[in-house]
Amino acid sequence: MNAPSAQNIERDLTGLWLEKGDTQTQLSGIKRIYTTNLVAYASDHEDGYRVEGILGDMMQYHPGRYILVRPAADTTEAPLRYYVSGRCLSWADPEKRVCCDMVKLVAQKEVIENLYGFAFSILVPDVPVEFWWTGDLPYYSPFFENMASQLSRVWVDSSKFKDPIQSVARLAAFWNKRYPKTNLADMNWIRIQRWQALVAELFDGDWSKYLKDIKQVTIEYGEGSTPLRSLYLAAWLGAQLGWRHHQPRMNDLSKPIMFEGPKGPVEVLLKPIPAPDERADRIFAVGIVTEGEQPAIFTVARDEDPHQVIVRSEINHELAFSRVVTFEHLHSDDVLAIGLKHFEADPVWKKTLQMVGTILVHPDMSLEDKGKA
Amino acid sequence: MPSPTLLENPLRQGLSSGRVAPPCSLVIYGASGDLTARKLVPALFELYEKHLLPVSFNLIGISRSVISDGDFRAKLKEALVKSKPQITDAIWESFSQHFHYLAGGYDDFKVYQALSAKLDELDEKNGTIGNRIFYLSTPPNVFEVIISNLGAAGLAREDKGFSRIVIEKPFGHDLASAKELNVKVREVFKEHQIYRIDHYLGKETVQNFLVMRFANSIFEPIWDRRHVDHIQITASEDLGVGTRAGYYESSGILRDMFQNHLFQVMCLIAMEPPVIFEADAIRDEKLKILQAIRPFDETTVRTHAIRGQYGPGFLAGEKVPGYRQEEGVAPESTTPTYAAIKIFLDTWRWHGVPFLLRSGKRLPKRTTEAAIQFKEPPNLLFKNNMNGLSPNVLIIRIQPDEGITLKFETKVPGMSMEARTVNMDFRYGTSFAEGTSEAYERLLLDCMLGDATLFIRGDEAEAAWAALMPVLNHWETTKPEGKFPNYEAGSWGPAEADSLLERPWRHWRKV
Ligand SMILES: NC(=O)c1ccc[n+]([C@@H]2O[C@H](COP(=O)([O-])OP(=O)(O)OC[C@H]3O[C@@H](n4cnc5c(N)ncnc54)[C@H](OP(=O)(O)O)[C@@H]3O)[C@@H](O)[C@H]2O)c1
């Protein structure tokens with residue numbers, strides 16, 4: 001094992017590709033393609049395996065330099081070790097292999113805290129750099145702090161937060177103040193995109209006139225989980241439709257969320273229903289009731305076939321429209337791959353998170369400072 | 001009139017799903033045909049799956065075949081399932097719930113009245129707010145009768161919503177018929193309502209010409225006669241004429257490929273930067289290129305245009321018949337299945353730079369690309385050590401493997417000073433996690449949205465015909481000189497095409 005240095009890592013990678021070029025393709029060699037850098041941090045070595053698997057899957061169709069930083073399994077291990085590996089796109093033409101690579105940095109916890117400079121030194125220049133913090137939101141971590149303040153985007157997965165409500169409230173409260181130049185992205189936001197599109201299409205064209213009459217929204221989610229995705233969907237509806245959250249701030253999402261809409265109060269209920277996988281915070285259905293001249297109900301609901309959803313609307317107690325569409329379940333690698341496609345800041349997500357910030361109880365910001373101290 | 005957009009639905013704003021079509025009805029003439037089942041309906045299904053097809057959408061198929069709504073849907077389903085085997089009955093039912101079929105002759109006015117009534121009824125029922133698209137997917141001999149009947153039935157009026165007409169290729173058979181068709185269609189529809197399709201323009205890589213040229217600063221300064229030696233545009237097919245002999249015998253390669261596809265690709269490569277990225281600004285610039293094509297005269301019609309026809313040969317080791325042996329082809333046919341032409345553009349930028357365009361059937365493989373060959377470097381520095389440097393070539397591949405390659409020289413590692421050409425490759429499929437969409441998907445969506453950028457304007461169609469007419473006339477009034485058929489199936493075309501190259505360093509690319 002060579003001493004960890006940027007030069008050694010680059011040299012090992014070059015060696016790796018020369019080798020692969022020889023054995024895998026005698027004809028035209030291989031092409032290394034990098035469209036992004038993704039630095040992922042896993043908080044313990046077990047999570048490290050999970051994350052490594054996800055990155056491996058992503059590399060299959062999204063070529064880039066992947067850097068995984070994870071803590072060593074025990075304190076007797078070397079302070080810092082590295083491993084390089086390559087992956088060629090499985091579907092690429094075998095004569096012209098397209099490949100990219102992963103560098104794994106395994107370090108003692110205290111080394112990790114100061115590893116950001118090293119991580120920066122092994123990035124591929126001139127392509128975007130994304131940072132994925134895979135686990136619970138820390139109160140204070142110099143590694144996180146430095147990555148978040150210097151990179152253009154940080155990914156978190158709020159479904160992995162230990163105290164999701166409190167952590168999301170913190171993100172809403174402090175992110176823009178602390179990292180004004182860095183975009184925050186949440187994988188859970190990507191996970192509800194399909195639901196947003198499904199709900200949105202119910203109000204296309206002539207039907208958009210019903211939006212101002214919305215009185216009640218019910219979002220069903222899997223019992224036993226914290227309904228963060230449902231909260232995001234509710235906040236998105238509120239933010240896009242210009243509702244305000246007036247009622248006292250809350251941290252108990254079993255109570256209705258009360259908004260002030262253009263024609264009076266709008267009640268949003270997050271309703272748990274029995275679900276096969278208790279931990280997954282999935283949305284199962286969205287029902288929207290309006291109270292205008294013509295009463296209407298708009299629904300998007302999962303079908304018995306888990307790969308389908310039914311979108312329908314009933315106006316004046318008559319079926320106005322019904323549609324069945326495919327619904328694919330996204331794995332974490334799909335979610336990230338979708339997210340990485342767009343580099344620009346997402347203003348709708350920003351507005352939604354702000355709305356979440358007005359719904360939830362203010363977090364105890366002194367804990368942030370305590371962490372820092 | 002401005003098309004109603006979906007901006008009033010605030011929930012659509014900022015969604016990554018993209019531009020959504022407004023509510024509308026799509027009427028397809030010739031709906032019993034191959035294009036509807038194989039291209040149009042699969043493209044609509046893709047839009048449906050991506051939530052880009054509006055909830056309020058009707059499809060009405062019209063043709064002479066007497067079939068029921070149910071049979072019409074069953075036929076479309078059968079074709080769709082071939083490419084999408086995972087479609088469940090529930091999804092198909094839902095997708096096709098607003099598909100209808102009307103049987104009738106294209107010259108029967110009653111059918112247009114019935115259509116008009118049906119459209120009004122569907123507007124009321126499905127919220128399609130009077131927006132209509134009429135898609136002519138019939139052979140061109142019935143285009144005119146359909147258009148005039150649509151006009152007589154008041155279906156071209158835009159008083160409730162938009163009314164647009166999509167015209168499939170070929171747009172005319174020659175300059176005179178294209179002009180006549182333009183007159184006929186403009187008697188009924190205004191130019192902003194007319195969408196002449198060239199499906200090549202729906203291809204992602206073709207659109208990428210514009211991004212590559214005008215969103216990068218490194219290409220434009222060298223994109224001219226001072227740096228470019230010549231440009232080759234190739235569209236090769238390995239297939240023969242197949243079942244289309246009837247059509248092909250009366251059209252040939254120039255009408256089938258040059259007047260539309262190859263000329264459009266040439267325009268996108270050669271045009272000046274438009275002032276704004278808008279349909280008419282872009283089409284104005286393309287038109288200038290077509291108008292700048294140096295007219296063929298009595299000499300150049302012979303020296304700058306080479307025709308060919310395939311004889312029997314071998315493709316992938318298999319014996320294949322010659323064109324004259326194909327079913328439906330006259331035994332003495334002189335229809336060209338291959339053409340190579342040299343075009344000069346009389347513009348400041350391209351003066352003296354040959355554009356070498358070639359296309360043919362039964363060539364070794366199916367490829368479409370444009371190659372910009374730069375001038376040779378002054379070979380002074382390395383002339384003692386190297387036997388000739390290859391000039392740089394920028395290749396834009398349109399199919400099958402969409403992407404961009406730059407060929408350049410590097411030193412071979414070692415003690416000697418030896419250079420070798422290497423490729424720098426960008427491939428669409430590998431650099432973006434998303435595949436490119438089908439051309440018809442993009443074009444149908446653009447038409448619904450009222451974006452005509454990727455459609456041909458009437459004056460462009462005429463200018464393209466005008467440029468090509470001398471060659472067409474010459475070929476149709478004279479017999480080919482020398483041996484004909486003049487290339488074997490499976491070869492890169494007739495040897496005579498080399499005469500277009502003129503300079504010893506120019507070669508037809510083996511793509
Ligand atoms: N197929 C493709 O891949 C493709 C690609 C590019 C462009 N196009 C263009 O798209 C259009 C449609 O293509 P297609 O392949 O679908 O054509 P098609 O199958 O030959 O014709 C479409 C329909 O038109 C009707 N039709 C056929 N011959 C007719 C005639 N002589 N007079 C009146 N109606 C007739 C038929 O319906 P009924 O007999 O039931 O009325 C037929 O089902 C053509 O203009 C073609 O050039 C096709």
Side-chain angles (χ1 to χ4, degrees), chain A residues 28-29 31 33-35 58 60-63 89 91-93 96 98-100 190 193-194 196-209 211 236-237 239-242 303 305 307-308 310-311 313 320-326 334 337-342 346-349 351-352, chain B residues 4-18 20-24 45 48-57 84 86-95 97-98 123-129 131 161 400-401 403 405 422-427 429-435:
Chain A
S28 41
K31 296 195 172 68
I33 291 189
Y34 304 100
T35 53
M58 276 195 70
Q60 291 287 324
Y61 51 95
H62 204 96
L89 270 62
W91 45 268
D93 175 352
K96 299 184 192 164
V98 170
C99 304
C100 63
I190 307 287
Q193 277 183 1
R194 195 68 207 277
Q196 294 172 317
L198 289 162
V199 171
E201 77 174 359
L202 282 167
F203 296 97
D204 280 342
D206 232 14
W207 285 310
S208 63
K209 63 177 182 237
L211 286 168
W236 164 71
L237 279 171
Q240 291 303 90
L241 298 178
D303 188 22
D305 178 338
H307 299 289
Q308 282 176 192
I310 304 170
V311 189
S313 59
F321 150 80
S322 149
R323 206 179 217 193
V324 186
V325 289
T326 340
D334 305 318
I338 294 172
L340 297 191
K341 257 193 324 205
H342 303 279
D346 177 349
V348 179
W349 158 239
K351 259 166 73 184
T352 303
Chain B
T5 64
L6 292 177
L7 284 185
E8 62 266 29
N9 177 359
L11 297 182
R12 282 285 189 183
Q13 286 169 20
L15 285 192
S16 63
S17 44
V20 185
C24 60
F45 185 72
Y48 171 84
E49 284 283 272
K50 292 177 183 163
H51 303 282
L52 302 180
L53 195 66
V55 164
S56 301
F57 174 77
K84 298 257 164 202
Q86 73 280 18
I87 293 178
T88 62
D89 287 345
I91 290 179
W92 168 261
E93 288 305 323
S94 161
F95 167 59
Q97 62 185 324
H98 299 306
D123 279 347
E124 188 61 31
K125 211 164 105 194
N126 298 338
T128 31
I129 55 178
N131 288 333
D401 158 30
T405 299
V422 292
N423 282 350
M424 194 155 73
D425 234 354
F426 157 80
R427 302 221 253 154
T430 52
S431 295
F432 300 110
E434 190 174 32

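Bear in mind the structure is a predicted one, so any value in this text is a computation, not a measurement.
- Panel note: side chain Asn9(B), backbone Ala200(A); a donor-acceptor pair is recorded below 3.5 Å.
- Both the backbone and the side chain of Val324(A) come within less than 4.5 Å of a heavy atom of chain B.
- When each of Asn126(B), Thr88(B), Val55(B) is scored by its heavy-atom pairs under 4.5 Å with chain A, the top score falls to Val55(B).
- Expressed to the nearest 0.5 Å, how far OG1 of Thr326(A) lies from CZ of Phe45(B) amounts to 5.0 Å.
- Gln97(B) meets the side-chain contact (heavy atoms from CB on, under 4.5 Å) test with Ser94(B); sequence neighbours excluded.
- Residue Gln86(B) qualifies as enclosed at atom CD: its count of foreign heavy atoms under 6.0 Å is above 12.
- A heavy-atom distance below 4.5 Å is found between the side chains of His51(B) and Arg194(A).
- Heavy-atom distances place both the backbone and the side chain of Phe203(A) under 4.5 Å from chain B.
- Contact of Trp349(A) with chain B is not made at all, since no heavy-atom distance falls under 4.5 Å.
- Highest contact tally toward chain B, considering only Asp346(A), Val199(A), Leu198(A), Asp305(A), is held by Leu198(A) [criterion: heavy-atom pairs under 4.5 Å].
- Between chain B and the residues Val325(A), Asp303(A), Leu340(A), the most heavy-atom pairs under 4.5 angstrom are made by Val325(A).
- Looking at Gln308(A), the atoms closer than 4.5 Å to chain B (heavy atoms on both sides) all sit in the side chain, from C-beta outward.
- Expressed to the nearest 0.5 Å, how far CD of Glu201(A) lies from CG of Leu15(B) amounts to 10.5 Å.
- In terms of heavy-atom proximity, Arg323(A) sits nearest to Pro54(B) at NH2-O, 3.3 Å.
- Residues meeting the side-chain contact (heavy atoms from CB on, under 4.5 Å) test with Asp123(B), sequence neighbours left out: Ser25(B), Asp120(B), Thr128(B), Arg132(B), Lys160(B).
- Residues Leu11(B) and Leu241(A) form a side-chain contact, since some pair of their non-hydrogen atoms from C-beta on lies under 4.5 Å apart.
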